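Just below is one structure, and these are the notes that go with it.
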Amino acid sequence: MSMPLFPTTRLRRLRASATLRDLVRETELNVRDLIYPLFIAEGMNVQQEIGAMPGQFRWSVDRLPRIVEKIVAAKIPAVLLFGVLEPASKDELGSASWHDNGVVQQAIRTIKRLAPELVVITDVCLCEYTSHGHCGVVRDGRVLNDATLELLARQAVSHARAGADIVAPSDMMDGRVAAIRTALDREGFTDTPILAYAAKFASGFYGPFREAAASAPQFGDRRGYQMDPANAREALREIELDIAEGADLVMVKPALAYLDVIARARARFDVPLVAYNVSGEYSMVKAAAANGWIDEQRIVMEILTAIKRAGADVIITYHALDVAKAMSQ
Ligand code: PBG
């Protein structure tokens with residue numbers, strides 16, 4: 001395509017006023033496309049700020065009305081739940097993750113009672129529940145793939161039984177989407193969608209989350225199951241396989257250092273695409289803002305707009321409440 005050159009073409013013509021700029025804007029951020037993560041702690045009366053994530057808290061179930069009220073008022077449509085356990089509640093297999101009265105199961109029931117319209121998504125993984133902190137069953141220092149699948153399926157079914165609207169496996173075992181789909185269908189949850197953390201990279205950007213969820217591996221790292229940050233083509237294979245196994249939505253995680261992966265996934269697949277603006281991305285912005293080095297609101301809008309522009313339909317972000325407030329002003 002050829003276009004006439006200067007002076008016939010002047011791209012500044014359409015930048016001349018705010019109204020004109022609004023008119024031709026290509027990407028619009030919308031609160032309806034945001035998911036807000038919540039950390040659910042054991043015990044009562046817990047509302048504990050997470051050191052590395054200023055403005056984010058661990059909540060006990062009895063305190064949830066405070067935050068759920070804010071989320072609903074902000075018109076944020078969905079939350080993503082993570083369980084945070086005391087060391088004494090963890091074991092080798094992460095069995096607390098599929099108890100009917102586990103923290104996440106209680107939180108699901110409480111939130112659905114407080115706000116039936118709010119979409120409740122649950123992170124399905126073992127690392128928040130295992131004593132060794134890995135996302136699967138460990139034997140002889142190795143994280144076993146196939147033995148893990150049944151436990152993940154059990155956890156997903158227990159979330160669905162408690163009323164979860166969507167289950168989101170984040171462990172990166174091979175075959176977990178199919179295993180979870182089969183188990184959900186067998187138990188009658190044929191209409192519960194699966195959001196697959198399909199292309200999840202072994203990232204340093206999860207550091208603050210591991211403090212928040214006390215889920216750091218006690219030995220080794222997650223490079224044997226999460227993806228090598230260098231691989232984009234492999235990310236497309238991961239996504240393709242998860243869709244083939246029955247994923248209803250797929251995710252790229254983290255977001256900011258992986259915008260190329262988001263763009264390539266968007267071009268290739270037609271399922272809804274979710275991007276996770278992870279803890280480290282949040283903490284970096286908060287730290288720089290606290291030092292007065294950046295304009296936080298402006299930078300957050302720019303980051304989230306970039307994630308959408310790259311091709312994400314939905315963004316999971318700890319900034320969701322702040323963004324909703326900024327956009328309603
Ligand atoms: C659990 C899980 C992690 C995150 C989401 N689910 C941590 C990890 O894989 O170590 C990270 C989220 C964030 O950093 O905000 N497997």
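All values derive from a computational prediction rather than experimental measurement. Order of listing sets the numbers, starting from 1, for every ligand and every atom in it.
Residue-ligand proximity, Arg210 to ligand 1, at heavy-atom distances under 4.0 Å covers atoms 8 (C), 10 (O). Close approach of ligand 1 to Glu128 (heavy-atom distance below 4.0 Å) involves ligand atoms 1 (C). Those atoms of ligand 1 that come under 4.0 Å of a heavy atom in Tyr318, given as number and element, are 12 (C), 13 (C), 15 (O). Close approach of ligand 1 to Cys127 (heavy-atom distance below 4.0 Å) involves ligand atoms 1 (C), 16 (N). For ligand 1, the atoms closer than 4.0 angstrom to any heavy atom of Phe82 are 5 (C), 6 (N). Residue Val278 approaches ligand 1 through these ligand atoms, each under 4.0 Å from one of its heavy atoms: 13 (C), 14 (O), 15 (O). Using a 4.0 Å cut-off to heavy atoms of Tyr276, the atoms of ligand 1 that qualify are 12 (C), 15 (O). Ligand 1 places these atoms under 4.0 Å from at least one heavy atom of Lys253: 2 (C), 3 (C), 4 (C), 5 (C), 6 (N), 11 (C), 12 (C).
Under the 3.5 Å distance criterion, the side-chain polar atoms of Thr148 are left unmatched by any main-chain donor or acceptor of Gly136. No donor-acceptor distance shorter than 3.5 angstrom exists from the side chain of Gln105 to the backbone of Ala162, with no hydrogens or angles considered. A donor-acceptor pair under 3.5 Å is absent between the side-chain atoms of His319 and the main chain of Met301, judged by distance alone.
Here CZ of Arg10 is found 12.5 Å from CG of Leu5. Values are rounded to the nearest 0.5 Å.
At a 3.5 angstrom cut-off on N or O pairs, Gln226 counts as close to ligand 1. By the 3.5 Å distance cut-off applied to N or O atoms, Ser279 is counted among the residues near ligand 1.
There is a side-chain donor-acceptor pair under 3.5 Å between Tyr36 and Gln56. A donor and an acceptor atom, one from each side chain of Tyr197 and Asp171, are nowhere located under 3.5 Å apart.
Within the 4.0 Å heavy-atom shell around ligand 1 one does not find Glu281. In this structure, Arg222 counts as a contact residue of ligand 1, since one of its heavy atoms falls inside 4.0 Å of the ligand. Not close to ligand 1: Tyr282, with no non-hydrogen atom less than 4.0 angstrom away.
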Note to self: As a quick check of understanding, evaluate side-chain hydrogen bond (donor to acceptor under 3.5 Å, both in side chains) for Asp91 and Tyr129, giving each step before the final call.
What the structure shows: CA-CA 7 Å; Asp91 62 23; Tyr129 308 92; over 6 Å; no
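Looking only at side-chain heavy atoms (C-beta outward), Glu281 and Tyr276 stay at 4.5 Å or farther from each other.
Residue contacts with ligand 1 for Asp171 are absent, since no atom lies close enough (heavy atoms, distance under 4.0 Å).
Among protein heavy atoms, the minimum distance from atom 16 (N) of ligand 1 is reached at Lys200 NZ, 3.0 Å.
Ring pair Phe209/Phe82: centre-to-centre distance below 6.0 Å.
Of the residues listed (Tyr225, Tyr258, Tyr206), the one engaging Lys200 in a side-chain contact (heavy atoms from CB on, under 4.5 Å) is Tyr206, and it is the only one.
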